[in-house]
2 protein chains.
Amino acid sequence: MTRAPQKRRLETRAKLLEVAKAIVQEQGYSGLRVEDVVARAGVAKGTLFSHFKDKDGLLAVLIGDEVMRLLDGMEAGDPPQDADELTARLAPHLDYVGQDRVIFDLLLRYSGTTAAEPDEVVTAGFIRQVTLLTRWLQVLQTAGQIRQDQQPELLAEGIQAFLNHVLGVWFCMEHDDETPPARALAPYLQAWLQPAP
Amino acid sequence: MTRAPQKRRLETRAKLLEVAKAIVQEQGYSGLRVEDVVARAGVAKGTLFSHFKDKDGLLAVLIGDEVMRLLDGMEAGDPPQDADELTARLAPHLDYVGQDRVIFDLLLRYSGTTAAEPDEVVTAGFIRQVTLLTRWLQVLQTAGQIRQDQQPELLAEGIQAFLNHVLGVWFCMEHDDETPPARALAPYLQAWLQPAP
DNA sequence: TAGCTAAGTTGACCGCGGTCACTTTATTGA
DNA sequence: TCAATAAAGTGACCGCGGTCAACTTAGCTA
């Protein structure tokens, strides 16, 4: 059987995460180097990889935490009253993911399915997001604010698709003066959720 | 001014592409190593990087070619008569991209925008796909087969979003016995294109 | 044909993620 | 208290993409 981890191990893991967070703070996600993390944490490289499957595994924890924090903010308060309000609620998430390609890539790679076991932080966050969206959509359907001819689950996954779409487009251009993802999302959601007249 | 490339250069480039194609044939896209390519082509590593910006640049040519071939097949024949037929026409593309994550990643990274200059094969293929879709959708709208309350361009980009979505989900699970992307696409397109009653 | 210049090519070198046989440290049981 | 055993950590090493100053070759001119 598997024993409980020793205190030393927990401390090492915490130290690694703390250092990684600090580096991300200073240099952004794309500036994170494994060698820097272990150097500043005062451990060997192998140690990091005994705590996290690979670099993505470390990033997943950092990013997953942030996504969870964003979801907390999303969930707070009443559900959105209409499609526009729903769109607005998604803006913080788009802003966060839109800030660095690394985030987008990681989320896309590890969170595309609702089916997987939720041992990973990212997958858990993903499931939570879809669940929340589904709940909101159900409310909006009942209120007659959006189309009722489709399952809320399908509508929720469609929203996921549009979120990723606008982010993908966003990262494909030198985004200096272009429309930010949050703004680009509106027409898609409007067309997707529009009540069948 | 820039001179025309010498014959030797064109031969080297052709050789590199030929070898790369062969390796992909044998080992798949994810099995492609730059060192293998240059070894079998009988040139130095630096040469490859003087012909292609990076490994992705090489892959872009290979994949872009294939996408173009698929588009040729798509364009042949009459435009689809209804939404289901349109969905079916997209299946070869989904099958191709779904075969290897490398293809998906590359297409997603370099082809998300209609706006960029079409010097890249991938971007050109992307533009061609959106254009073709838009044309088809216009025909379907005129025929009253699909909703008419949205611009065909927006509908086309939405389809792009759903294509990527089902592919993303596809790559997030051990796809052994799961529903292939081409099948997963149908409900989304059905809901997206459904004529407003 | 010698000499010059730009085009084309080279391969040693680097950065960085990831591995694994080994050492060190903690825990357990007699 | 002292092996025996498992957990934790180490760092030399590897694979692979990408760089760049130096070298070779082709084309031009006098």
Side-chain angles (χ1 to χ4, degrees), chain A residues 1-20 22-24 26-63 100-103 105-106 109-110 120 122, chain B residues 1-20 23-24 26-63 100-103 105-106 109-110 120:
Chain A
M1 67 159 260
T2 46
R3 291 209 205 154
Q6 302 175 3
K7 197 185 3 168
R8 180 170 55 139
R9 185 156 180 85
L10 295 176
E11 288 165 356
T12 305
R13 183 188 155 99
K15 182 77 188 169
L16 284 169
L17 284 172
E18 173 201 324
V19 167
I23 295 181
V24 166
E26 295 160 17
Q27 332 223 259
Y29 287 96
S30 19
L32 190 75
R33 316 269 146 239
V34 168
E35 307 215 341
D36 293 348
V37 176
V38 295
R40 275 172 63 168
V43 300
K45 213 193 260 186
T47 302
L48 188 146
F49 289 102
S50 89
H51 282 266
F52 307 96
K53 186 180 169 298
D54 50 21
K55 192 189 172 183
D56 273 5
L58 169 61
L59 279 170
V61 175
L62 301 178
I63 293 173
D100 198 321
R101 221 205 145 107
V102 172
I103 309 176
D105 287 346
L106 189 129
R109 178 160 278 120
Y110 295 115
E120 290 272 359
V122 175
Chain B
M1 62 160 264
T2 47
R3 288 208 205 154
Q6 303 175 1
K7 199 191 345 173
R8 179 168 57 137
R9 186 156 179 84
L10 294 177
E11 286 165 355
T12 305
R13 185 189 153 99
K15 182 77 188 168
L16 284 169
L17 284 172
E18 172 201 325
V19 167
I23 294 180
V24 166
E26 295 160 18
Q27 331 224 252
Y29 287 96
S30 17
L32 190 75
R33 316 270 147 237
V34 167
E35 307 214 339
D36 294 349
V37 177
V38 295
R40 275 172 64 167
V43 300
K45 212 193 263 187
T47 302
L48 189 147
F49 289 102
S50 90
H51 282 265
F52 307 96
K53 184 178 169 298
D54 49 22
K55 192 188 172 184
D56 273 4
L58 169 60
L59 280 170
V61 175
L62 301 178
I63 293 173
D100 198 321
R101 220 204 149 108
V102 172
I103 308 175
D105 286 346
L106 188 128
R109 179 160 276 122
Y110 294 117
E120 290 272 356

Open item on the list: Using the rule given for side-chain contact (heavy atoms from CB on, under 4.5 Å), can you reason through B:R109 versus A:R101, listing the C-alpha separation, both sets of side-chain angles and the distance that settles it, and then say yes or no?
Closed with: CA-CA 10 Å; B:R109 179 160 276 122; A:R101 221 205 145 107; 3.7 Å; yes

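- To the nearest 0.5 angstrom, B:L106 atom CG is 9.5 Å from B:Y29 atom OH.
- Among the atoms of the strands shown, only primed sugar atoms or phosphate atoms (P, OP1, OP2) are found under 4.0 Å from some heavy atom of A:L32.
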Open item on the list: What does the B/S/- profile of nucleotides 8-14 of chain C look like, 5' to 3', with a 4.0 Å heavy-atom cutoff to protein?
Closed with: SSBB---

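- At a non-hydrogen distance threshold of 4.0 Å, A:D54, A:K55 from residues 53-62 of chain A come into contact with DNA chain C.
- The interatomic distance linking A:L10 (CG) with D:dG9 (P) rounds to 10 Å, in whole Å.
- When rounded to the nearest whole Å, the span between CZ of A:F49 and C1' of D:dA7 equals 20 Å.
- In this structure, CZ of A:F52 is placed 18 Å from C1' of C:dT19, rounded to the nearest angstrom.
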With a cut-off of 3.5 Å and sequence neighbours excluded, list every side-chain donor-acceptor pair involving residues 34-42 of chain A.
residue, atom, partner, partner atom, Å
A:E35, OE2, A:K45, NZ, 2.8
A:R40, NH1, A:E26, OE1, 3.2
A:R40, NH2, A:E26, OE2, 3.3

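- In terms of the side chain to side chain contact (heavy atoms under 4.5 Å, CB included) criterion, residue partners of A:S50 (sequence neighbours excluded) are, by chain and number, A:R9.
- Under the salt bridge (Lys or Arg N to Asp or Glu O under 4.0 Å) criterion, A:R8 pairs with no residue at all, not counting sequence neighbours.
- Not counting sequence neighbours, B:D100 has no partner by the salt bridge (Lys or Arg N to Asp or Glu O under 4.0 Å) test.
- Separating the CG atom in B:L16 from the NE2 atom in B:H51 is a distance of 6.0 Å, to the nearest 0.5 Å.
- Where DNA chain C pairs in unbroken runs of 3 or more (Watson-Crick or G-U, both distances under 3.5 Å), the stems are C:1-30 with D:1-30.
- Under the side chain to side chain contact (heavy atoms under 4.5 Å, CB included) criterion, B:E11 pairs with B:K7, sequence neighbours left out.
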Review item, side-chain donor-acceptor pairs of residues 52-62 of chain A, under 3.5 Å, at least two apart:
residue, atom, partner, partner atom, Å
A:D54, OD1, A:D56, N, 3.3
A:D54, OD1, A:G57, N, 2.9
A:K55, NZ, A:L32, O, 2.9
A:D56, OD2, A:Y110, OH, 3.3

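- Distance, B:Y29 OH to D:dC16 P: 20 Å, rounded to whole Å.
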